[in-house]
Structure formats: structure tokens, C-alpha cells
Amino acid sequence: MAYNDSSEPLPTALKVLIAGGFGVGKTTFVGAVSEIVPLRTEALVTSASDGHDDLEVIPGKESTTVAMDFGRITIADDLVLYLFGTPGQRRFWFMWDDLVRGAIGAVVLVDTRRLEQCFAAVDFFEARNLPFLIAVNEFDGAPKHPANAVRKALSLRDNIPVITVDARDRHSTKAALIAITEYALNSLTSLRG
């Protein structure tokens, strides 16, 4: 364990990814829960994104993440989470291999209106054996489905958690982060046991 100048133990720092498709709420999630001003790498959505980004269900979207979002939250006196929001568009997925290094787990945000957009994230984390959970972002007006229906639609194993979240709400996003941290640590413990 590391100590600071006053011989107080430093908190354990863990890395968690916030992933998902284009416009599912990753930047909003990080911003809602971060105790620091989040670092954002946003660019304006321009006509260059025509044919690449589906703006039909998110017509008011004016900017998009082109590298990552970064935030931090202290979960307990001895535990700090560093949050890395991934870019959602396919043309920026090459960054995911760098962002995943050192992560203990991931929250995969899902919009039930565009469920197919999360398949790539699910496949990515399954291929790397990184613990992840599905967090259905409850957008206003989006259809609501039971967790088992979402699990079936995504062909998930029974042990992968499926929860709901409001990416705009600090308490909701914090609960999702606690859930992925517990799930990741339990997964690690079961591998060792």
C-alpha cells in the first residue's frame, strides 16, 4: 500500500471504462458523476459525419467524443475510480485498445431504441475477458424492457449484470459504478479461488 507524506494510506485507484454506441450517453454519464471537471475531447458534428453517424434518433446532438472522456469519483475513503468514456463511432474504435489497458471493468451503456449499437462493445469486452455490465440508459420516451428481455436480445451469459441507469443523475451513475466495481472484483476473486 502506498502512503502520502503524513503516513496516511493512499486510496486504491481503479480504472473503469464507460462504453457503448454513438449517442448513448457516455459523456453525460461521466459528467454527471465526476467530482472533477471532466476532460472531454468533443468535436462538432458536421456534414462530414453524414453516412457515418445516425442522428435520426438524436436530432439535437451537436458534438461527439473523438478520443475519450475522463472523470474521477471517490467511492470510499480508500477507493477512487478513474473513468474513461470511449468514443462511440466506428471510425474511432482503434482507441479502445489503448483505453482498455489497466481497466478492471466496463459499463456498457445501451439505448433500447438502438440496441444493435452496443453489440461491438459487448464483443470487445467478451473477447478480452474484461468484466462488464449492461446499463440501459432510460432515455425519455424510449421503450422500457425487462432485464431478461435485454439479456436475451444481446445473447448475454446469465452472470452478466443488466441494470437501468439515468446517465444524467449522479446517484444513478454512482450506483452503476459501484455495481461494476463489485462485479469486477467478484469476478477476479472467483478466478483466483
Side-chain angles (χ1 to χ4, degrees), residues 1-21 23-42 63-88 92-111 118 121-122 124-138 159-193:
M1 180 172 284
Y3 292 86
N4 63 19
D5 292 339
S6 66
S7 296
E8 295 285 323
L10 293 173
T12 299
L14 302 175
K15 180 178 183 180
V16 174
L17 297 184
I18 312 303
V24 296
K26 298 176 298 292
T27 299
T28 301
F29 183 108
V30 172
V33 76
S34 182
E35 63 196 15
I36 62 171
V37 175
L39 168 70
R40 295 187 171 133
T41 57
E42 295 278 304
S63 65
T64 187
T65 302
V66 294
M68 68 173 189
D69 296 310
F70 174 78
R72 181 189 76 207
I73 180 170
T74 302
I75 297 292
D77 290 341
D78 61 347
L79 180 60
V80 173
L81 298 182
Y82 290 106
L83 312 176
F84 289 79
T86 64
F92 298 121
W93 285 353
F94 68 91
M95 298 199 60
W96 286 36
D97 285 322
D98 289 330
L99 291 173
V100 76
R101 286 191 192 119
I104 62 153
V107 173
V108 177
L109 281 178
V110 171
D111 179 347
C118 75
V122 169
F124 181 86
F125 297 122
E126 282 181 340
R128 285 152 184 83
N129 292 317
L130 186 75
F132 68 94
L133 62 73
I134 299 296
V136 177
N137 194 2
E138 296 192 312
N159 65 319
I160 297 173
V162 177
I163 63 172
T164 58
V165 68
D166 181 342
R168 303 166 295 187
D169 181 75
R170 179 174 172 77
H171 297 294
S172 182
T173 52
K174 185 176 180 180
L177 291 170
I178 291 169
I180 187 53
T181 303
E182 289 174 347
Y183 177 64
L185 295 176
N186 287 336
S187 296
L188 180 62
T189 303
S190 68
L191 287 175
R192 289 184 177 170

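No hydrogens, no waters, no symmetry mates; every other heavy atom, side chains included, goes into these values. Being a predicted model, the structure only gives us computed values, none of them experimental.
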Query - Residue pair I18 / D69, side-chain heavy-atom distance below 4.5 Å - result: no
**Report entry** D78 side chain reached by T12 side chain, heavy atoms, under 4.5 Å
**Finding:** no
Report task. Any chance you could measure Y82, atom OH, to I104, atom CD1, to the nearest 0.5 Å? Result -> 13.5 Å
Query raised in the report: Do the side chains of L177 and L83 get nearer than 4.5 Å, heavy atoms only?
Result: yes
Query - Over all atoms of both residues, closest heavy-atom pair of V16 and A106 - result: CG1-CA, 4.5 Å
Requested in this report: Could you give me the CA-CA distance, side-chain angles and deciding distance for L79 and T181, then say whether side chain to side chain contact (heavy atoms under 4.5 Å, CB included) is met?
Outcome: CA-CA 10 Å; L79 180 60; T181 303; 4.2 Å; yes
Query raised in the report: Which atoms form the tightest heavy-atom contact between D98 and K15, and what is the distance?
Result: O-NZ, 4.1 Å
**Report entry** Beyond-backbone contact of I36 with F70, side-chain heavy atoms, under 4.5 angstrom
**Finding:** yes
Query raised in the report: Can you check side chain to side chain contact (heavy atoms under 4.5 Å, CB included) on Y183 and N159, steps first, answer last?
Result: CA-CA 9 Å; Y183 177 64; N159 65 319; 3.4 Å; yes
Requested in this report: Check whether any side-chain heavy atom of E138 sits under 4.5 Å from a side-chain heavy atom of D169, and report yes or no.
Outcome: no
Query raised in the report: What is the minimum heavy-atom distance between L133 and A176, and which atoms define it?
Result: CD2-O, 4.0 Å
**Report entry** Side-chain touch V162/V110, heavy atoms, less than 4.5 angstrom
**Finding:** no
Query raised in the report: Do F84 and V100 come close enough that some side-chain heavy atom pair is under 4.5 Å?
Result: no
Report task. Show the numbers, then the answer: is there a side chain to side chain contact (heavy atoms under 4.5 Å, CB included) between T173 and V107? Result -> CA-CA 10 Å; T173 52; V107 173; over 6 Å; no
Query raised in the report: Which is it for H171 and D166 under the side chain to side chain contact (heavy atoms under 4.5 Å, CB included) test, yes or no, and what are the steps along the way?
Result: CA-CA 9 Å; H171 297 294; D166 181 342; over 6 Å; no
Report task. Over all heavy atoms of both residues, which pair between N137 and G25 is shortest? Give the atoms and the distance, please. Result -> ND2-CA, 4.0 Å
Query raised in the report: Which atoms form the tightest heavy-atom contact between L99 and G85, and what is the distance?
Result: CD1-O, 4.5 Å
**Report entry** Side-chain donor/acceptor of K26 to backbone N/O of P87, under 3.5 Å
**Finding:** no
Report summary line: For A32 and A167 the tightest heavy-atom approach is CB-O, 3.3 Å
Query - Atom pair CD1 (I180) and CG (L185), whose distance is rounded to the nearest 0.5 Å - result: 9.5 Å
Requested in this report: Could you grab the distance from atom CG of L81 to atom CD1 of I73, nearest 0.5 Å is fine?
Outcome: 7.0 Å
**Report entry** S34 side chain vs R72 backbone, donor-acceptor pair below 3.5 Å
**Finding:** yes
Query raised in the report: If you measure from CD1 on I163 to OG on S172, what distance do you get to the nearest 0.5 Å?
Result: 7.0 Å
Query raised in the report: Is there a donor-acceptor pair closer than 3.5 Å between any side-chain N or O of E35 and the backbone N or O of T74?
Result: yes
